[in-house]
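Computed from a predicted model, the values in this text were never measured in an experiment. By convention in this document, chain letters (A, B, ...) are assigned in the order of the sequence lines, proteins followed by strands, and residues within each chain are numbered from 1. Just so it is clear, the values below take in all heavy atoms, side chains as well, and ignore hydrogens, waters and symmetry mates.
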Amino acid sequence: MYDCIIIGSGIIGSSIARELSKYKGNFLVLEKENDVSCGTTKANSGIVHAGFDAKVGTLKAKFNVKGAKMFEKLASELEFPYKKNGAFVLSFDDDKTPLEDLLNKGRSNGVDNLSIISGDEVRKIEPNVSKEVKYALYAKDSGIVSPYEMCIAISENASTNNVKFEFLKEIVDIKTNKDHLKVLCKDGTHYESKVVINASGVYSDELNNKISNIKYKIVPRKGEYCLLDKEYSYITSTTLFQLPTKMGKGILVAPTTHSNILVGPSALDIIDKSDTDTTYEGLNEVWAKALLTVPSLPKGGIITQFSGIRAHSIDDDFTIGFSSDVKGLYNLIGIESPGLASSPAIAEYAAKEIADYLKLSKNENFIAKRSAIKHVRNMNDKDLSLLIKENKDYGHIICRCEVVSEGEIKEAIRRNPGAKDLDGIKRRVRAGMGRCQMGFCTPKILEILSQELGLDLENITKKGNGSVLLEGRIKE
Amino acid sequence: MEKHNLVIVGGGPAGLAAAISAYDMGETDIIILERESKLGGILNQCIHNGFGLHTFNEELTGPEYAQRFIDEVNKRNIKYLLDTTVINITNDKHIKALSTSGLYNIEAKAIILSCGCRERPRGAINIAGSRASGIYSAGTAQKLVNIDGYMPGKEVVILGSGDIGLIMARRMIFEGAKVKAVIELMPYSSGLNRNIVQCLNDFNIPLLFSHTVIDIKGKNRVESVVIAEVDEKLNPKLETKQEIKCDTLLLSVGLLPENELARGADVNLSRITRGAIVDDNLMTNIEGIFECGNVLHVHDLVDYVCEEAKEAGIKAYEYINNKDINNYSKTEIICENGVRYTVPELIIKNNDNIPLTLKLRVGNVYKKVKLEVKCDDEIIYSRLRPVVAPGEMEKLDLKPDQVLKLRNANTIKVYLRSIEE
């Protein structure tokens with residue numbers, strides 16, 4: 001019997017798991033994919049929104065503003081990439097009213113360091129911004145984060161603090177059983193727990209609706225992105241939004257924490273929650289709109305495209321808290337943007353509520369610190385020489401584009417939860433994230449995964465769930 | 001800090017050929033840095049034959065061809081380090097490299113960059129669809145099959161008719177896979193004609209020109225691709241779309257010189273070739289840094305790579321030995337009317353170096369044209385070409401009197417002129 005089962009290991013599930021591990025208890029995370037951070041968390045803009053966009057008085061506003069302020073400490077504790085780079089909301093109109101409305105909304109939400117500046121002032125900071133921009137809202141406290149690295153760091157730390165993670169556990173049903181809940185998985189296993197935390201992102205409505213009479217509905221909303229080579233990092237170091245629409249925050253052009261340039265997302269309501277295919281129309285739309293922000297955006301600089309699904313709830317706000325009709329079910333529904341920015345505050349709040357409910361005592365042995373994997377590309381000569389002397393694998397470069405060594409890849413596999421497939425390696429150490437997009441390093445990484453996991457090469461996957469890479473041996 | 005006269009980055013055919021020629025000129029302090037565990041570069045995975053017709057008058061496989069050069073390097077006791085990746089080069093020719101034995105800081109008098117090219121990935125050509133497994137660049141598939149002995153899939157569609165794609169079509173058939181089609185965006189192939197005949201036609205593999213892949217389907221593993229015809233502006237005509245079932249999509253959509261190290265050393269790069277801008281000594285704007293082979297511009301034949309590299313080796317030797325090869329003014333060649341680029345791009349003025357080969361590529365298929373070089377107002381070179389195509393590099397071997405005129409010219413233009421019927 002667990003005190004708590006967390007369903008889903010995206011940024012919300014993982015963050016709550018870590019916050020819960022500050023208390024004494026028996027905690028388990030069940031994830032349907034092969035790794036943490038495989039849903040919305042892995043494919044979004046990576047923006048730590050300052051909080052001016054959320055409607056005053058909503059949970060979105062409350063948690064966003066509070067959460068954003070928690071990032072600096074969290075990033076230094078857990079060593080994930082985060083940077084306060086500032087953001088502009090660009091207006092192409094002489095009428096400043098929409099920007100002023102945003103500014104006032106931001107101030108009411110408690111956001112500091114907001115101002116409206118002229119197009120020329122914007123271009124003094126970011127010269128590549130279109131001449132058509134007349135005014136902008138400048139949010140100095142807006143930040144960027146590597147969302148999957150954040151989620152991985154949090155999960156590793158939760159695991160260090162004795163939270164258990166199990167993967168490829170798709171939930172088929174959830175039942176009330178006397179004083180606890182029973183979770184049934186597709187593979188035939190089942191687990192019992194006093195509290196079940198529904199952090200299943202785009203599926204959070206379905207999970208709730210299996211057991212509760214209070215129904216929710218998530219309308220999956222696809223967002224497509226293009227990512228540019230680091231060569232074009234000069235384009236902007238500030239996040240560039242256009243004025244928001246009712247479908248979201250519009251198309252942005254923003255740096256990533258690794259100096260690529262991210263362009264997107266589109267916003268299209270879809271039916272299939274697992275449909276992360278990019279589309280010809282969507283990518284064209286993203287590009288056309290981004291050109292309004294930066295007319296010189298080089299199409300030849302694109303190295304990859306991807307799409308993510310927002311868990312947009314028809315209620316248009318976060319739902320956070322115990323279900324009013326199912327004892328022990330704790331819901332987190334409709335956590336779309338600014339969910340990432342809100343996540344530290346949501347996790348702290350939810351864990352506290354759950355700990356109070358279960359009357360959990362503080363875990364005096366909680367370890368707050370997690371060290372990042374050592375990256376050869378960021379090290380000085382002296383440290384690097386010492387590291388290679390200690391472990392020669394750090395001198396063997398596997399991914400030439402991002403300069404990733406065999407030592408880093410092995411460490412990514414050996415951590416807990418560790419990488420089990422190509423995508424897991426990519427998100428932990430960036431091997432394959434560069435300009436050749438795994439052209440050269442695929443065969444080498446396959447071999448390392450096979451050795452480390454003790455699996456035949458034919459069984460190594462791109463992202464679990466049958467995404468095998470090889471069809472077997474050639475003719476003998 | 002280790003010091004060497006000549007550091008060669010990359011031990012593929014270009015690096016090996018450059019090392020041999022520099023050595024034969026008299027340079028003995030050479031070191032080759034190779035990131036793989038074997039010399040020979042990408043030739044090691046090119047196990048088909050057809051290499052070396054120009055250089056050795058016989059048909060060799062890639063590994064055999066490489067071995068000839070490796071043997072010559074060994075005969076001369078030229079030093080090389082394997083499994084050693086150069087991670088940075090500065091404009092004052094300091095090289096930082098990593099291997100399992102540690103970190104190397106090397107100071108060089110001259111550097112030859114011969115680190116080849118990479119394949120253009122899916123992202124660079126904007127194909128929408130799923131990100132399932134089963135999408136490989138043709139070269140990655142070639143490595144998996146030929147070096148590692150594994151099949152990436154059984155039912156294959158190939159996008160792009162570059163040479164590696166064509167070679168892999170045949171290779172996959174030999175290994176029992178089905179190759180359903182080769183799809184080419186352009187109305188012509190960028191591969192060698194002989195490869196189309198020997199690798200596709202001989203196996204009845206359809207080659208669809210003016211088509212592209214517009215969607216990839218399959219959640220976990222590729223299940224099909226959707227293709228469509230494109231119009232003159234290369235936009236897909238959606239009404240022509242058709243789905244082809246397959247588990248693998250191979251991409252052979254172009255090669256890009258790998259110039260990240262050069263960029264770090266402040267070397268000026270060409271927007272067209274994506275290689276360095278070099279003069280006719282194959283030297284970049286950074287004194288003492290040379291480029292040759294596919295890192296400079298993508299070649300069709302390894303023989304041409306080695307010829308160019310040999311020249312780079314000689315020039316690097318001359319530079320090291322103060323033969324004053326840089327203090328001249330240079331004339332930039334202007335490419336017009338169908339000519340995309342020339343290598344070299346810069347001609348050293350009033351130099352007495354005579355041998356000079358201009359290499360160039362055209363931007364489209366042109367029939368019945370004259371390839372001409374004009375110095376100021378005089379046409380110094382004119383050759384009738386029944387057909388020129390982007391897939392075949394043109395080589396202009398200029399005669400001494402033509403070279404002289406080139407070196408004295410204030411403006412040099414290279415262009416195609418169509419001939420009236």
Side-chain angles (χ1 to χ4, degrees), chain A residues 224 226-227 231 274 276-284 287 299-306 376-377 381 384-385 388-389 392-397 400-401 403 405-406 422 435-440 442-443 446-447 457-458 461-476, chain B residues 35 83-85 87-88 96 98-103 105 115 118-134 136-137 139-140 143-154 174-177 214-221 236 238 247-248 251 256 258 260 263 271:
Chain A
E224 300 181 50
C226 301
L227 191 77
E231 191 186 330
S274 65
T276 53
D277 289 7
T278 53
T279 63
Y280 180 74
E281 298 79 9
L283 294 172
N284 280 345
W287 198 258
K299 202 158 191 183
I302 299 175
I303 56 171
T304 190
Q305 304 91 357
F306 60 90
V376 162
R377 64 178 172 275
D381 284 11
L384 187 51
S385 294
I388 297 173
K389 205 174 260 180
K392 64 181 176 46
D393 287 342
Y394 283 91
H396 187 209
I397 301 301
R400 59 174 78 163
C401 303
V403 192
S405 65
E406 186 172 349
L422 278 190
R435 41 183 71 94
C436 92
Q437 290 284 302
M438 263 196 190
F440 286 110
T442 295
L446 287 180
E447 211 160 288
L457 279 171
E458 293 102 310
T461 63
K462 181 172 186 285
K463 49 183 177 181
N465 285 330
S467 58
V468 291
L469 289 141
L470 301 171
E471 286 290 337
R473 300 286 299 176
I474 58 168
K475 290 178 184 170
E476 294 298 333
Chain B
R35 58 189 156 203
D83 290 315
T84 303
T85 305
I87 56 172
N88 191 40
K96 192 185 284 189
L98 281 181
S99 86
T100 52
S101 8
L103 177 72
N105 277 303
C115 34
R118 66 167 174 269
E119 296 177 278
R120 201 186 287 270
R122 169 190 181 181
I125 49 170
N126 268 307
I127 312 175
S130 149
R131 304 214 300 157
S133 71
Y136 293 97
S137 62
T140 308
K143 170 126 198 285
L144 289 169
V145 175
N146 292 349
I147 304 286
D148 302 330
Y150 282 88
M151 285 296 279
K154 287 177 194 148
F174 283 165
E175 290 301 336
I214 57 167
D215 197 7
I216 301 170
K217 295 187 175 179
K219 280 253 140 57
N220 297 310
R221 175 85 195 189
L238 295 178
D247 60 21
T248 305
L251 303 175
L256 299 171
E258 210 162 48
E260 283 63 49
R263 187 177 292 119
R271 294 174 67 101

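Contact check on A:Lys475 versus B:Glu175 returns no salt bridge, with no Lys/Arg side-chain nitrogen under 4.0 Å from an Asp/Glu carboxylate oxygen. A salt bridge links A:Arg400 with B:Glu258; the closest basic N to acidic carboxylate O contact falls under 4.0 Å. Salt-bridge check for A:Arg473 with A:Glu458: failed, with every basic side-chain N at 4.0 Å or more from each acidic carboxylate O.
Checked by atom type, the side-chain pair B:Arg131/A:Thr278 shows no donor-acceptor distance below 3.5 Å.
B:Tyr136 contributes no side-chain N or O that, together with a main-chain N or O of A:Thr442, makes up a donor-acceptor pair within less than 3.5 Å.
Looking at A:Leu384, only its side chain comes within 4.5 Å of chain B, counting heavy atoms on both sides. In this structure, the portion of A:Leu446 lying under 4.5 Å from any heavy atom of chain B is its side chain and not its backbone. Of the atoms belonging to A:Ser274, heavy atoms from both backbone and side chain fall under 4.5 Å from chain B. For A:Lys389, no part lies near chain B; criterion is any non-hydrogen pair under 4.5 Å. Contact annotation for A:Glu231: only side-chain heavy atoms (C-beta onward) come within less than 4.5 Å of a heavy atom of chain B. With a threshold of 4.5 angstrom between heavy atoms, A:Leu283 approaches chain B through side-chain atoms but not through N, CA, C or O. Contact of A:Arg377 with chain B is not made at all, since no heavy-atom distance falls under 4.5 Å. Contacts of B:Ala132 with chain A are made by backbone atoms alone, with heavy-atom separations under 4.5 Å and no side-chain atom involved.
Chain A forms more heavy-atom pairs under 4.5 Å with one residue of B:Asp83, B:Thr140, B:Asn126 than with any other, namely B:Asn126. Contact count versus chain A (heavy atoms, under 4.5 Å) is highest, among B:Arg221, B:Lys96, B:Met151, for B:Met151.
Contact check for A:Cys436 versus B:Arg118: side-chain heavy atoms found under the 4.5 Å cut-off.
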